[in-house]
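So you know, we letter chains A, B, ... as the sequences are listed, proteins then strands, and number each from 1.
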There are 2 protein chains.
Amino acid sequence: MAAEPKARTAPAAPEAPPSPSPSPEPALARVQALPSWLLNRASARGRRLVTEALARDGMRMAHHAVLSAVADLGPVAQAELGRTTGFDPKDMVGLLNDLQAQDLVSRAPDPADRRKNAITITPAGRRRLAKLAELGDEANEALLAPLTPAERTLFVALLTRVVEGDD
Amino acid sequence: MAAEPKARTAPAAPEAPPSPSPSPEPALARVQALPSWLLNRASARGRRLVTEALARDGMRMAHHAVLSAVADLGPVAQAELGRTTGFDPKDMVGLLNDLQAQDLVSRAPDPADRRKNAITITPAGRRRLAKLAELGDEANEALLAPLTPAERTLFVALLTRVVEGDD
DNA sequence: CTCCAACGTTGGCGATACCCACGTTACACG
DNA sequence: CGTGTAACGTGGGTATCGCCAACGTTGGAG
């Protein structure tokens with residue numbers, strides 16, 4: 001059954017869409033060339049680089065992002081931070097606990113709305129933020145090391161459009 | 001302390017490299033423009049798309065990858081699969097359990113080396129693989145929807161080089 | 001005044017990615 | 001021919017990440 005009508009030297013199945021052997025061979029290569037696969041690997045590498053870069057300061061990527069958001073948005077509520085950075089309110093609590101424990105932000109009840117906490121960055125927080133930005137840039141430069149400067153900007157541009165694809 | 005020496009209408013700090021306020025304002029925008037940040041978000045989106053695409057078959061991205069590897073490498077040991085796909089041997093056990101439970105692969109002791117399991121894809125596995133590849137392609141097309149065909153190939157090429165950066 | 005929505009917080013779940021320890025088996029070296 | 005080293009598959013355990021459910025508190029709209 002299913003003999004080889006035209007047995008050649010190369011085991012190539014020219015066309016046979018319905019039945020088995022739809023692809024010549026490299027099913028693995030196909031999967032590993034999938035954008036979703038590549039993005040996963042690249043993301044893992046980036047996370048690893050950033051993580052070990054910020055680990056020296058006892059911080060994680062999330063801390064950097066939240067601290068940046070606090071710096072920008074002045075006194076701001078946790079929920080608002082969660083919306084702008086994309087973190088879950090639950091996780092925001094822990095992140096701010098960490099930042100507050102190191103006096104990088106202050107958490108005071110908002111007098112105008114006592115449900116909210118007014119998060120503000122401290123001078124030490126600003127200093128730390130500058131350092132974190134530097135470390136983050138270093139890690140990202142290592143991440144994009146295989147690309148030329150022109151390719152990097154192009155890569156970031158394409159990546160941005162892919163990310164904005166889900167609105 | 002630390003009053004506002006120059007209270008203007010716009011809080012712009014032109015230049016002051018060594019001390020605080022190294023950037024005018026958008027610290028958050030800087031973080032969110034970092035390749036590591038973008039890769040994280042893009043990867044999450046891709047994973048979500050692929051996950052929900054393969055969920056209809058009760059499979060995950062890892063199953064697709066492993067099944068592809070088995071299809072390519074013929075009868076192959078689990079450790080070899082782990083090396084080529086990048087999965088931990090521990091996790092490979094569970095993945096193969098899932099695939100075997102659905103008769104997509106067969107797991108037999110290798111007569112030549114009784115430490116190893118000879119993993120082989122079944123006819124049902126080949127059929128399923130074709131379907132998985134189709135679903136995976138659909139999800140990836142949705143992922144790269146914001147890009148033109150030319151941009152997609154370029155994007156994949158750049159991504160590949162970034163991934164290969166860690167050798 | 002009453003009801004609904006938002007806030008911060010706690011607890012928990014599922015997936016991913018690791019790392020270590022164990023018994024089994026193969027192989028190389030003395 | 002032993003003997004030790006290493007690889008294999010497997011189970012157990014840990015850390016992080018993203019998410020959802022519930023609850024008490026507070027603000028605001030009707």
Side-chain angles (χ1 to χ4, degrees), chain A residues 36-37 39-52 54-55 58-66 70 75-100 105-119 166, chain B residues 36-37 39-52 54-55 58-66 70 75-100 105-119 166:
Chain A
S36 55
W37 180 272
L39 278 173
N40 239 359
R41 290 222 142 262
S43 170
R45 189 166 108 89
R47 185 145 48 188
R48 197 160 32 82
L49 285 171
V50 172
T51 295
E52 66 192 26
L54 300 189
M59 301 262 111
R60 279 171 294 154
M61 183 167 39
H63 293 116
H64 183 195
V66 171
V70 174
V76 62
Q78 297 183 196
E80 177 67 15
L81 285 176
R83 271 177 239 117
T84 53
T85 55
F87 292 118
D88 191 275
K90 147 72 176 265
D91 305 317
M92 188 62 65
V93 173
L95 291 171
L96 288 175
N97 284 346
D98 298 340
L99 295 176
Q100 191 182 21
V105 303
S106 70
R107 182 152 43 172
D110 185 341
D113 188 341
R114 306 223 312 273
R115 292 173 304 178
K116 304 182 181 179
N117 280 342
I119 312 297
D166 55 352
Chain B
S36 53
W37 180 272
L39 278 173
N40 239 357
R41 291 223 141 261
S43 170
R45 188 165 110 88
R47 184 143 50 187
R48 194 161 37 81
L49 286 170
V50 173
T51 296
E52 66 190 26
L54 300 190
M59 300 263 108
R60 278 172 295 153
M61 183 167 37
H63 293 118
H64 183 197
V66 171
V70 174
V76 61
Q78 298 183 195
E80 177 66 15
L81 285 175
R83 271 177 238 116
T84 54
T85 57
F87 292 119
D88 190 276
K90 151 69 178 269
D91 305 318
M92 187 61 66
V93 174
L95 291 171
L96 288 175
N97 284 346
D98 298 340
L99 294 177
Q100 191 182 21
V105 303
S106 71
R107 182 152 43 172
D110 185 342
D113 187 340
R114 306 222 313 275
R115 293 174 302 178
K116 304 182 181 179
N117 280 341
I119 312 295
D166 54 353

Nucleotide N/O of nucleotides 18-21 of chain C paired with protein N/O under 3.5 Å:
unit_1, atom_1, unit_2, atom_2, d
C:dC18, N4, B:Asp91, OD1, 3.4

* Structure fact -> salt bridge (Lys or Arg N to Asp or Glu O under 4.0 Å) filter on A:Glu52, not counting sequence neighbours, yields none
* With respect to the phosphate group of D:dG9, does any side-chain polar atom (N or O) of B:Asn97 fall under 4.0 Å of OP1 or OP2? -> no
* Asked: What's the CE-C1' distance between A:Met92 and C:dA6, to the nearest Å?
  -> 16 Å
Restricting both atoms to N or O, compile the protein contacts to nucleotides 15-17 of chain D shorter than 3.5 Å, with distance only.
unit_1, atom_1, unit_2, atom_2, d
D:dC17, OP2, A:Arg60, NH1, 2.5

* For B:Pro89 and A:Phe87, take the nucleotide of DNA chain D holding the closest heavy atom to each; which residue's nucleotide lies nearer the 5' end? -> B:Pro89
* **Under 4.0 angstrom between B:Gln78 side-chain N/O and D:dT10 OP1 or OP2** => yes
* To do: Test B:Val66 against every option in B:Thr84, B:Leu96, B:Asp91 by the side-chain contact (heavy atoms from CB on, under 4.5 Å) rule and name the one that passes.
  => B:Leu96
* Do you know the tightest heavy-atom contact between B:Asn40 and A:Ser43? -> OD1-OG, 2.8 Å
* Please round to the nearest 0.5 Å and tell me the distance separating atom CD1 of A:Ile119 and atom CG of A:Leu95. => 11.5 Å
* Atom CG of B:Leu95 to atom P of D:dG9: distance rounded to whole Å? -> 14 Å
* Asked: Where do A:His64 and A:Met59 land on the side-chain contact (heavy atoms from CB on, under 4.5 Å) test, with the steps shown first?
  -> CA-CA 7 Å; A:His64 183 195; A:Met59 301 262 111; over 6 Å; no
* B:Arg47 and B:Thr51: which non-hydrogen atoms are nearest, and at how many Å? -> O-OG1, 2.6 Å
* Nearest whole angstrom, please: distance from the P of C:dA15 to the NE2 of B:His63. => 10 Å
* To do: Whole angstrom is fine here: how far is it from CG in B:Asn117 over to P in D:dA7?
  => 18 Å
* Whether A:Asp88 side chain and A:Lys90 backbone form a donor-acceptor pair below 3.5 Å -> yes
* Asked: How close do B:Arg41 and A:Gly86 get, heavy atom to heavy atom, and via which atoms?
  -> NH2-CA, 3.8 Å
* Sequence neighbours left out, what pairs pass salt bridge (Lys or Arg N to Asp or Glu O under 4.0 Å) with at least one residue falling in residues 105-115 of chain B? => B:Asp113-B:Arg115
* To do: Would you kindly give the CZ-to-C1' distance between A:Arg41 and C:dA17, to the nearest whole Å?
  => 11 Å
* Structure fact -> So CE of B:Met92 and CG of B:Asn117: to nearest 0.5 Å the spacing works out to 12.0 Å
* To do: Could you check how far CE of B:Met59 sits from P of C:dT16, rounded to whole Å?
  => 13 Å
* **Atom pair distance, as rounded to whole Å: CG in B:Leu96 and P in D:dT10** => 8 Å
When you compare the protein's N or O atoms with those of nucleotides 27-30 of chain D, which come within less than 3.5 Å of each other, and at what distance?
unit_1, atom_1, unit_2, atom_2, d
D:dG27, OP1, A:Arg114, N, 3.2
D:dG27, O4', A:Arg115, NE, 3.4

* Structure fact -> note: B:Lys116, atom NZ; D:dT10, atom C1'; distance rounded to Å ~ 17 Å
* salt bridge (Lys or Arg N to Asp or Glu O under 4.0 Å) with B:Arg60: which residues, sequence neighbours excluded? -> B:Asp98
